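All heavy atoms count here, side chains included; hydrogens, waters and symmetry mates do not. All values reported here derive from a predicted model rather than from experimental measurement. Position 1 is the first residue of the sequence, and the numbers go up from there.
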Amino acid sequence: MGTKQSLSEKNFPIGIDNFEKIISNGMVYIDKTEYLEELLKSGTEISLLLRPRRFGKTLTMSMLSCFLEMNYQNPCDRSRPDQLFKNLAIYKNKEFCDKYMGRYPVISISFKDVDGKNYQEAVNRIIAVFAKLAEKFDFLTRRDELDVLFLKQIRDLNAGKTPVFRSDGNFDGTNINLILDFLANLAQCLKKTFDKPAVVIIDEYDVPLHKAQVNGYYDDLLRIIRGILSSALKDNSENIFKGFITGCLRIAHQSIFTGVNNFMTFGIQDVFLSGFIGLTREETENLLKQSGMENRIHDVLEWYDGYNFAGNDMLCPWSVLNFMVYALRSRDPATFQPQNYWANSSGNDIIELCMKNPGRKETECIQSLLDGKNEQITLREFTSYPSISSHTDFNNFATLMLHTGYLTVAKDSNPSETKRVSVRIPNREVLECFSDKAEIIFSGSNPQWLEKAVILRDALLNGDSEQAQNIMNNMLRKFISVRDTGHEYYYHMFLSGVLSITSDDDLDVKSQIEQGDGYPDIIIDNLMRREAVILELKKADGRELSKLKSAAGTALEQIRNKNYDREFKEREYRKIILFGVSFYGKECLVLKMPDASNSG
C-alpha cells in the first residue's frame, strides 16, 4: 500500500484511475508494482491482459505508463517517476529501475469511452482519442527531420476543419489511412527522435466493439479497430519495445489481432500475473485492518470475495473501496450493511437476456447456479464480439458471463482443462445482480410475463385445468428463483407471485390466509362476479405421473377435509372452483375437484 497512516474515507480514490493523481494526493494505492519485473522481463512482445469490468485495468495501465515514460524534454531527468515510485515495492529493485524506469516513450490510450449510436459517432470518438495524443506530442512538429503532418491532420479532423466522411457517409482514402496508421506513425516518429522503441498501451480495446454490437455497426467498426491494432503492432518490433492491451473478452486472435506476432493472452485462468489486477484476499484484509475495520472482514469476504483467478482468491476493487468509503462515512462503520455497488457501475443486459427466454436446460443451469451449485460449461472462443439475444446458446452466455465477472471458475475445476470448466456465482453481490433482474423479469413490469399470468388466472377462473396446467408448466420452466428451490415454499412463491400481479380492484389474490379450518395456499376472489378459486399445492415425491397425481389428490383431500370453501358457500358465491396442484422439479399437474365448479 502506498501509505501507512490510518485511513479515512477521504483517502480512497473512488472513480479515479489516474495513478499520478492518486500518488500525488496521498490517496490509497494497493501496491502492485512488484509485478512490473515479471511483466517487463517476459519474452512476450504484445500482451493482452483480460479481467472483468471494474477490476482496475485502467489504473494498472496508468501505473505502468508512469513507470516507463521518459521526460521528453529532458530524457536524462527521471525525477517524476522517482517521486511517484519511491515509496513503492519496485523502487527497492535499483538495477531494474535503472534499466526501465523513465526510459521509454509511451503511447497510452483508452477506448473505454468510445461509444456512439452509429458508426460515424464511434469513429469520431476514436479520432478524439488520437487528437489528444497529437496534442501531447505536439513538440514533434518542431523537428524538421520528421514527417509529422499526420499530427496536424488528426487534430483538424477532430476540430471539424476537415470532414471525416464524404456526403455518402463513407471515408475517403486519405482519412481512413490516417486513422489506421496513426499509432504506427507516432511510434516511428518517437523512435527516430529518442532512438528508443515506444511502449504502446491500449486500454479496454473491446469496449467499442461491445457498443458496436449493441448498436448494429459491429462489422464496420471491427475493420477500424483491427486495422489500428494490425498497423501499430504487426511487424513493428523496430519501433515498439512492448505492447499492452487490456479488455474483458477473449476474441480469437485471428479475428482481431490478425498478423500480430509474439502475442500472448493472459486471462483469468492463467497463472502468470494472476494477482496483478484486482485485490487479493490478503490485500483486502490488510486494507480493512488499516482502516480500523478488521471486524468487517467476514462481511466483505461474503459479499465481494469469491473470484478465482488461477487459484488466487480475488475481489473487485470497485466494490471493496465503495463499501469502505460508505461505511466510514456512516454513523456506525461496524454495523453498516454491505451493498451491491458493482451492478450500478454498468448494465446487467447479459443477465436479463440470459434469464428472459431460456430453454428448459438453460433454466435448470441458471437455477442450479442461483442455488449455490457449480455448473459444467463448455468455454467458447468467440471469433467476434458475440451477438447476445434470447436465442443465444447457454455456453456462449456462460463464457461471456465468466469473462465479465458474473461467474467465476470453481476451484474444483481441472486446471489442465481449457475447454470444459466448472463455474459458479462468485459472491453475494453478484447474486443480487441476478436477484434484481429476476424481480423485474418475473413481475408485472415484464409485459410478456404479465400476459401469461392473466391467461393462467382466466383459465383457473374458467375451471380449465388442462389449459392452466399447460400454461403453468410453460411459466415454471422459465421461472428462476434466487431462493431455495428444494422446498414446497418455492412453488408457492412461484404461483402466488404469478397470480398476484393480476390483481385489480375487482379481483383479489390471497395467500395462506385463515379460511375454513386452515390456511389454503392461494385464493383467487373475484368479488364483483362472486367467483372463487382455491388452490392447494403439494410437492410430489418424484416426476412419475402416478406420484404427481397422488400429491395433487392429497391436496384436494386437504381442501375438502378443512372446508376451505365454507365461507364462499355461506356468502352464496355462484362459482367455487377447487384445484389440487402438485410439483416436482420444473413440472406440475393440476387436478380439479369434481362437481366443484358450481358450488353456489
Discussion item. Please enumerate all residues that pass side-chain contact (heavy atoms from CB on, under 4.5 Å) together with L157, with sequence neighbours excluded.
Written reply: I127, I154, T162, V164, N175, L178
Worksheet entry | Donor-acceptor contact below 3.5 Å, side chain S231 vs main chain G227 | no
Response to the item:
Correct closest heavy-atom pair for A198 and L190 would be CB-CD1, 4.4 Å
Fill in: Under 3.5 Å donor-acceptor, N340 side chain and E429 backbone
yes
Worksheet entry | Exam field: side chain N118 to backbone Q120, donor-acceptor pair closer than 3.5 Å | yes
Fill in: ring pair (Phe, Tyr, Trp, His ring centres under 6.0 Å) evaluation trace for Y406 with W342
CA-CA 10 Å; Y406 294 102; W342 193 68; 5.0 Å; yes
Worksheet item: If you count the non-hydrogen atoms of other residues, nucleotides and ligands that lie under 6.0 Å from NZ in K211, is the total more than 12?
Response: no
Discussion item. Using only atom types and a distance under 3.5 Å, with no angle test, would you say the side chain of Y217 pairs donor to acceptor with the backbone of A122?
Written reply: no
Discussion item. Any non-hydrogen side-chain atom of N374 less than 4.5 Å from a side-chain atom of Q376?
Written reply: no
Response to the item:
Rounded to the nearest 0.5 Å, the CG atom of N308 sits from the CD atom of Q269 at a distance of 8.5 Å
Fill in: salt_bridge(D305, R281) N-O dist < 4.0 Å
yes
Discussion item. Just so I know, are the side chains of L49 and M61 near enough to count as touching, which here means a heavy-atom distance under 4.5 Å?
Written reply: yes
Worksheet item: Between F182 and F130, how do the two ring planes meet: parallel, tilted or perpendicular, split at 30° and 60°?
Response: parallel
Worksheet item: Is the charged tip of K196 near the ring of Y104: under 6.0 Å from the six-membered ring centre and within 45° of its axis?
Response: yes
Fill in: Reported SG-to-CG distance for the pair C248 and D206, which is rounded to 0.5 angstrom
5.5 Å
Worksheet entry | Minimal non-hydrogen separation, P208 against L221, with atom names | O-CD2, 3.4 Å
Discussion item. In terms of relative ring orientation, are F194 and F139 parallel, tilted or perpendicular, with 30° and 60° separating the classes?
Written reply: perpendicular
Response to the item:
Tightest non-hydrogen contact, residues T408 and G306, listed as CG2-O, 3.3 Å
Worksheet item: Looking at side-chain heavy atoms only, is the closest gap between V129 and R125 below 4.5 Å?
Response: no
Fill in: Reported OG1-to-CG distance for the pair T280 and L315, which is rounded to 0.5 angstrom
8.0 Å
Worksheet entry | Parallel, tilted or perpendicular, as decided by the 30° and 60° cut-offs, for the rings of Y29 and F19 | perpendicular
Worksheet item: Taking the side chain from K234 and the backbone from F257, do they hold a donor-acceptor pair closer than 3.5 Å?
Response: no
Worksheet item: What orientation do F442 and F479 show, parallel under 30°, tilted 30 to 60°, or perpendicular over 60°?
Response: perpendicular
Item to complete: Among R53, K57, K112, find the one that has a salt bridge (charged side-chain N to carboxylate O under 4.0 Å, His left out) with E204.
Response: K57
Discussion item. Has K161 got a side-chain atom pairing as donor or acceptor with R155's backbone, closer than 3.5 angstrom?
Written reply: no
Worksheet entry | Among Y304, W303, Y307, the one residue meeting side-chain contact (heavy atoms from CB on, under 4.5 Å) with V430 | Y307
Worksheet item: Taking the side chain as C-beta and beyond, is there a heavy-atom pair between D313 and L301 under 4.5 Å?
Response: no
Discussion item. Using modelled atom types and a 3.5 Å cut-off, is there a donor and acceptor pairing between side-chain atoms of N473 and backbone atoms of N470?
Written reply: no
Item to complete: May I ask you to establish whether R51 and F309 are in a cation-pi arrangement, using a distance under 6.0 Å from NZ or CZ to the six-membered ring centre and at most 45° from the ring axis?
Response: yes
Worksheet item: Which value, rounded to the nearest 0.5 Å, describes the distance between I228 atom CD1 and F111 atom CZ?
Response: 4.5 Å
Practice prompt. Working to the nearest 0.5 Å, report the span between NZ of K419 and OG1 of T378.
Written response: 10.0 Å
Worksheet item: Do D147 and K192 sit within salt-bridge range, that is, some charged N less than 4.0 Å from a carboxylate O?
Response: no
Worksheet item: Where do D270 and S274 come nearest, in terms of heavy atoms and distance?
Response: O-CB, 3.6 Å
Worksheet item: Does the side chain of V148 reach to within under 4.5 Å of the side chain of F137, using non-hydrogen atoms?
Response: no
Discussion item. Closer than 4.0 angstrom, basic N to acidic O: yes or no for E69 and K136?
Written reply: yes
Discussion item. To the closest 0.5 Å, what do you measure between CZ (F12) and CE (M324)?
Written reply: 3.5 Å
Practice prompt. Output yes when a side-chain donor or acceptor of T60 lies under 3.5 Å from a complementary backbone atom of G56, and no otherwise.
Written response: yes
Worksheet item: Among F244, F266, Y35, which one satisfies ring pair (Phe, Tyr, Trp, His ring centres under 6.0 Å) with F276?
Response: Y35
Item to complete: Please answer whether the main-chain N or O of L431 pairs with a side-chain N or O of S435 as donor and acceptor at a distance below 3.5 Å.
Response: no
Worksheet item: Ignoring hydrogens and geometry, is there a side-chain-to-backbone donor-acceptor pair from K191 to P197 under 3.5 Å?
Response: no
Discussion item. Any donor-acceptor pair under 3.5 Å linking the side-chain atoms of S62 with those of D17?
Written reply: no
